[in-house]
Amino acid sequence: MDALNKKTIEDIDVKGKRVLARCDFNVPLKDGEITNDKRIVAALPTIKYLMENGAKVILCSHLGRPKGEYKPEFSLAPVAKKLSEYLGTEVKLAEDENVVGDNAKAIADELKDGEVMLLENVRYRKEETKNEENFSKELASLADIFVNDAFGTAHRAHCSTTGVASYLPAVCGYLIQKEIKFMGGALAEPKRPLVAILGGAKVSDKIGVIANLIEKCDTIIIGGGMAYTFMKFLGHSIGDSLLEADWVEKAGEMMKSAEEKGVKFLIPVDNKVGKEYDENTEFMVVNSDEIPDGWMGLDIGPKTEEMFADAIKGAGTVIWNGPMGVSEWDNFASGTITVAKAVAESGAISVIGGGDSVAAVTKLGFADKMSHISTGGGASLEFLEGKDLPGICALADKD
């Protein structure tokens with residue numbers, strides 16, 4: 001898949017055309033109110049471009065997991081309201097339990113150039129997640145052009161992400177274009193040295209990513225719970241730290257493979273360990289080969305912080321996915337904060353992916369210092385693994 005060569009909304013004429021745009025409006029709700037509207041804001045540039053260029057805009061998205069049936073608590077009504085505020089014009093919600101129903105058809109027929117409507121939650125239909133042809137055709141019947149701007153679901157082959165692209169000319173919006181430019185560019189033509197920082201709990205989640213990045217990176221930094229599986233391979237006593245025993249050999253293979261290719265592979269040399277998995281547990285700092293029984297690693301230690309920060313300093317490109325410790329707890333956030341600072345100050349092109357590292361960077365106030373913060377957790381991981389993302393593969397290539 002040459003993701004960098006996909007057509008965008010600017011490569012086609014949208015004036016007077018009905019454009020079905022798949023966005024990611026999967027926002028958190030509490031008592032029917034949106035608690036974080038970042039994803040809605042991220043979709044605005046594409047929607048505004050379509051409006052300003054005279055398209056009749058039909059938006060669609062999923063929200064939560066209604067499991068293929070109509071459930072009012074998963075309605076996109078709050079999204080329609082929020083969009084209307086941001087766009088300064090009414091965004092009509094087609095209130096059809098079957099998504100493409102009489103309301104949707106009637107509102108779509110009456111849309112004038114520059115007007116916007118929103119379909120109900122596409123996951124009200126069980127066909128959506130199975131990518132069944134009949135629902136893809138129904139969605140396509142409303143429009144002349146399909147725009148995918150939902151990177152967060154680009155790794156899923158669903159009706160509203162790939163199925164509909166079989167029946168309409170398909171291009172990407174600004175959000176997917178930006179994801180492709182930064183994430184694709186960071187892997188295809190990185191400014192060197194390319195440094196990858198991988199954290200989070202499980203080696204098993206990241207093994208494909210590590211294998212792919214060993215082929216491309218100059219330095220790989222491993223932190224978070226997954227680091228203890230690597231330490232175990234080195235014969236260190238890791239106490240009660242997180243361990244995936246089945247993955248110890250595989251972890252060792254990765255380290256050997258990196259060494260053979262001349263890739264620096266850094267794992268923690270010291271750790272902040274706690275007595276139990278608790279925010280206010282008693283803690284101390286110990287070397288990586290001296291974690292006592294009954295203690296567990298919950299963050300990287302100060303020597304490791306310094307080592308990782310040094311490795312990040314000279315980077316040309318940084319890819320970061322996953323925190324260094326239990327970063328939501330103040331006592332164990334230091335490693336993640338140090339790494340975030342180092343990335344922010346490195347001047348490197350920085351691509352942050354994965355929910356936890358994004359949350360950490362945002363909470364710590366470093367978000368505006370990063371070149372690109374990915375909107376897709378699972379999608380960005382699969383992209384880093386070198387997998388083809390169906391939602392992007394389905395789009396037309398530039399001539």
Q. Are Val79 and Val147 connected, step by step, through hydrophobic side chains (Ile, Leu, Val, Met, Phe, Trp, Tyr) whose heavy atoms are closer than 4.5 Å?
A. yes
Q | Pairing of Lys313 and Glu345 as salt bridge, 4.0 angstrom limit | A | no
Q. What about Leu29 and Leu118, same hydrophobic cluster or not, with Ile/Leu/Val/Met/Phe/Trp/Tyr joined at side-chain heavy-atom distances under 4.5 Å?
A. yes
Q: Taking atom NZ of Lys363 as the centre, report whether more than 12 heavy atoms of other residues, nucleotides or ligands fall under 6.0 Å from it.
A: yes
Q | Shared hydrophobic cluster for Val203 and Ile238 (ILVMFWY, side-chain gaps under 4.5 Å) | A | yes
Q: Determine the minimum heavy-atom distance between Thr161 and Thr153, stating which atoms define it.
A: CG2-OG1, 3.6 Å
Q: Mark yes or no for whether Thr35, through its side chain, and Pro28, through its backbone, hold a donor-acceptor pair below 3.5 Å.
A: yes
(Q) Could you tell me if the side chain of His236 sits less than 4.5 Å from the side chain of Ile291, heavy atoms only? (A) no
(Q) Within the supplied structure, the quantity of interest is the number of heavy atoms (other residues, nucleotides, ligands) at a distance under 6.0 Å from Asp102 CG; does it exceed 12? (A) no
**Q.** Distance-only side-chain donor-acceptor flag, His372 / Glu179, under 3.5 Å
**A.** yes
Q) Any ion pair linking Lys126 and Glu132 (charged N to carboxylate O, less than 4.0 Å)? A) no
Q: Enumerate the residue pairs fulfilling ring pair (Phe, Tyr, Trp, His ring centres under 6.0 Å) with a member in residues 64-115, sequence neighbours excluded, ordered by first and then second residue.
A: Tyr70-Tyr124
**Q.** Heavy atoms from other residues, nucleotides or ligands near CZ of Arg65 exceed 12 (cutoff 6.0 Å)
**A.** no
(Q) Between Ser75 and Glu120, is the side chain to side chain donor-acceptor pair (under 3.5 Å) condition met? List the steps. (A) CA-CA 7 Å; Ser75 168; Glu120 253 307 1; 2.6 Å; yes
Q | Chi angles and distances behind the side chain to side chain donor-acceptor pair (under 3.5 Å) call for Glu127, Asn134 | A | CA-CA 8 Å; Glu127 299 98 323; Asn134 63 319; 3.0 Å; yes
Q.
Between Asp397 and Lys6, does any side-chain N to carboxylate O distance fall below 4.0 Å?
A. yes
(Q) Could you walk me through whether Val57 and Val19 satisfy the side-chain contact (heavy atoms from CB on, under 4.5 Å) test, starting with their C-alpha distance in whole Å, then the side-chain angles of each, then the deciding distance to 0.1 Å, before giving a yes or no? (A) CA-CA 5 Å; Val57 187; Val19 177; 5.5 Å; no
Q. So among Leu20, Leu168, Ile12, which one has a side chain to side chain contact (heavy atoms under 4.5 Å, CB included) with Ile145?
A. Ile12
Q) Can you check whether Pro268's main-chain N or O pairs, donor with acceptor, with Ser288's side chain at less than 3.5 Å? A) yes
Q: Could you pull out the closest heavy-atom pair between Ile176 and Asp149, with the gap in Å?
A: N-OD1, 3.0 Å
Q: Indicate, with yes or no, if the rings of Tyr167 and Phe146 have centres closer together than 6.0 Å.
A: no
Q: Heavy atoms only: give me the nearest Glu276-Thr281 pair and the separation to one decimal.
A: N-OG1, 3.0 Å
Q | ILVMFWY network linking Phe25 to Leu50, side-chain heavy atoms under 4.5 angstrom | A | yes
Q. Backbone N or O of Gly199 within a donor-acceptor pair of the Lys206 side chain at under 3.5 Å?
A. yes
Q. Do Leu119 and Leu76 have side-chain heavy atoms sitting under 4.5 Å apart?
A. no
**Q.** Lys216, NZ atom: more than 12 neighbouring heavy atoms under 6.0 Å
**A.** yes
Q: Mark yes when over 12 heavy atoms from residues, nucleotides or ligands other than Lys178 sit less than 6.0 Å from its NZ; otherwise mark no.
A: yes
Q. Salt bridge or not for Lys250 and Glu253, using N-O below 4.0 Å?
A. yes
Q) When you check the gap from the basic side-chain N to the acidic O, do Lys82 and Glu85 get nearer than 4.0 Å? A) yes
Q) Taking all non-hydrogen atoms of both residues, which atom of Asn26 and which atom of Ser61 are closest, and how far apart? A) N-OG, 4.0 Å
Q: Would you sort out whether Leu298 and Val273 count as a side-chain contact (heavy atoms from CB on, under 4.5 Å), showing the intermediate values?
A: CA-CA 5 Å; Leu298 297 172; Val273 297; over 6 Å; no
(Q) Minimum heavy-atom separation for Asp388 and Cys393, please, with both atom names. (A) CB-SG, 3.6 Å
Q) Is there a donor-acceptor pair closer than 3.5 Å between any side-chain N or O of Asn287 and the backbone N or O of Asp289? A) no
Q. More than 12 non-hydrogen atoms from neighbouring residues, nucleotides or ligands closer than 6.0 Å to CD on Glu306, yes or no?
A. no
Q) So, are Asp270 and Lys303 salt-bridged, with charged N and O less than 4.0 Å apart? A) no
(Q) Any side-chain to backbone donor/acceptor pair from Ser84 onto Val91? Under 3.5 Å, distance only. (A) yes
Q. Side chains of Ile222 and Phe265: does their closest heavy-atom pair fall under 4.5 Å?
A. yes
Q) Quick one: does Ser327's side chain get under 4.5 Å of Phe332's, heavy atoms only? A) no
Q.
Test your reading of the model: is there a side-chain donor-acceptor pair from Thr317 to the backbone of Ile349, 3.5 Å cut-off?
A. no
Q | SB check Glu133 Lys137 (cutoff 4.0 Å) | A | yes
Q: Applying side chain to side chain contact (heavy atoms under 4.5 Å, CB included) between Ile319 and each of Ile197, Leu198, Leu194, Val343, report the one that passes.
A: Leu194
Q | Pairing residues for Pro193 by the side chain to side chain contact (heavy atoms under 4.5 Å, CB included) criterion, not counting sequence neighbours | A | Asp218
Donor-acceptor pairs are to be reported for all side-chain atoms of residues 106-116 against protein atoms at under 3.5 Å, with residues two or more places apart or in another chain.
unit_1, atom_1, unit_2, atom_2, d
Asp113, OD1, Lys56, NZ, 2.8
Glu115, OE1, Lys112, N, 2.9

Q | Listed partners of Tyr277 passing ring-ring contact (aromatic ring centres under 6.0 Å, His included), at least two apart | A | Trp329
(Q) Applying side chain to side chain donor-acceptor pair (under 3.5 Å) to His62 and Arg156, what does each step give before you reach the verdict? (A) CA-CA 12 Å; His62 78 285; Arg156 306 264 184 245; over 6 Å; no
Q. Can you hop from Val209 to Leu389 via hydrophobic side chains spaced under 4.5 Å?
A. yes
Q. Looking only at heavy atoms, what is the nearest atom pair of Ala348 and Ala315, with distance?
A. CB-O, 3.4 Å
**Q.** Test item: Glu244 side-chain N/O and Met226 main-chain N/O as donor-acceptor pair under 3.5 Å
**A.** no
Q. Quick one: do Lys71 and Glu73 make a salt bridge, cutoff under 4.0 Å?
A. no
(Q) Looking at Lys17, I want to see if its NZ is surrounded by more than 12 non-hydrogen atoms of other residues, nucleotides or ligands under 6.0 Å. (A) yes
Q.
If we ignore hydrogens and angles and just use 3.5 Å, is the side chain of Trp320 paired with the main-chain N or O of Gly322 as donor and acceptor?
A. yes
Q: Decide if atom CD of Glu259 counts as having more than 12 heavy atoms of other residues, nucleotides or ligands within a radius under 6.0 Å.
A: no
(Q) Just to verify, what does Lys7 make a side chain to side chain contact (heavy atoms under 4.5 Å, CB included) with, not counting sequence neighbours? (A) Asp11, Val171, Ala396, Lys398, Asp399
Q | Residues in ring-ring contact (aromatic ring centres under 6.0 Å, His included) contact with Tyr49, at least two apart in sequence or another chain | A | Tyr174
**Q.** Under 3.5 Å donor-acceptor, Asp96 side chain and Asn103 backbone
**A.** yes
Q: Please check if the side chain of Asp240 supplies one atom and the backbone of Met296 the other of a donor-acceptor pair under 3.5 Å.
A: no
